[in-house]
A.B. asks: 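Submitted below is the structure of interest, expressed as C-alpha cells.
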Amino acid sequence: ELVEGADVVVSTCSIQGGDKLLAVLAAKGSTPVVFEAPPPDLERYAGLAENVTLVPTAVTEQTLLDAVARAQSAAASSP
C-alpha cells in the first residue's frame, strides 16, 4: 500500500485525477488526509470524503503544518 503506515497523507487537486485520488485515499479508512484545493472547489471536495482536512490554495508552510496537526488531532479523537 502506498500510504500504509503514514500518519497523514497530503495531496492536491493540482495533479491529474486529484478528485479520484482523494476519494480512494479517504475510502481506505483510518489515515487522515490533508487536501489542498482552490476555495471555490472546497465544498465539492468535502463531499467526496469525510475524513479529510481541506486547505485552500495558496498554501503556506504554516497553513500546511496547522492542517496536518488538525488532521492528526481529529484522527486521535475519533473512535
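Bear in mind the structure is a predicted one, so any value in this text is a computation, not a measurement.
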A.B. asks: Could you see if I15 belongs to whatever hydrophobic cluster contains V52? Use Ile, Leu, Val, Met, Phe, Trp, Tyr and a side-chain cutoff under 4.5 Å.
C.D. replies: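 Both belong to a single hydrophobic cluster.
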
A.B. asks: Does R44 reach the side chain of D19, with side-chain heavy atoms less than 4.5 Å apart?
C.D. replies: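 SC-SC contact between R44 and D19 confirmed.
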
A.B. asks: Do the side chains of L22 and S11 get nearer than 4.5 Å, heavy atoms only?
C.D. replies: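 S11 vs L22: side chains apart.
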
A.B. asks: Tell me which one of L64, V59, V9, T63 satisfies side chain to side chain contact (heavy atoms under 4.5 Å, CB included) with V34.
C.D. replies: L64

A.B. asks: With a 4.5 Å heavy-atom cut-off, do C13 and P38 have their side chains touching?
C.D. replies: yes

A.B. asks: With a 4.5 Å limit on heavy-atom distance, are the side chains of T53 and V33 in contact?
C.D. replies: no

A.B. asks: Quick check: does any side chain N or O of S73 sit under 3.5 Å from a backbone N or O of A69, one acting as donor and the other as acceptor?
C.D. replies: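 The answer is no, because no donor-acceptor pair under 3.5 Å joins these two groups.
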
A.B. asks: Membership question, hydrophobic clusters at under 4.5 Å side-chain separation (ILVMFWY): are V8 and V24 in the same one?
C.D. replies: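 No; tracing contacts between hydrophobic side chains, which count when under 4.5 Å, never links both residues.
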
A.B. asks: Taking it one step at a time, do V55 and F35 satisfy side-chain contact (heavy atoms from CB on, under 4.5 Å)?
C.D. replies: CA-CA 6 Å; V55 180; F35 194 81; over 6 Å; no

A.B. asks: Roughly how far, to the nearest 0.5 Å, is the CG atom of L54 from the CD atom of E43?
C.D. replies: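 Going from the CD atom of E43 to the CG atom of L54 covers 10.5 Å.
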
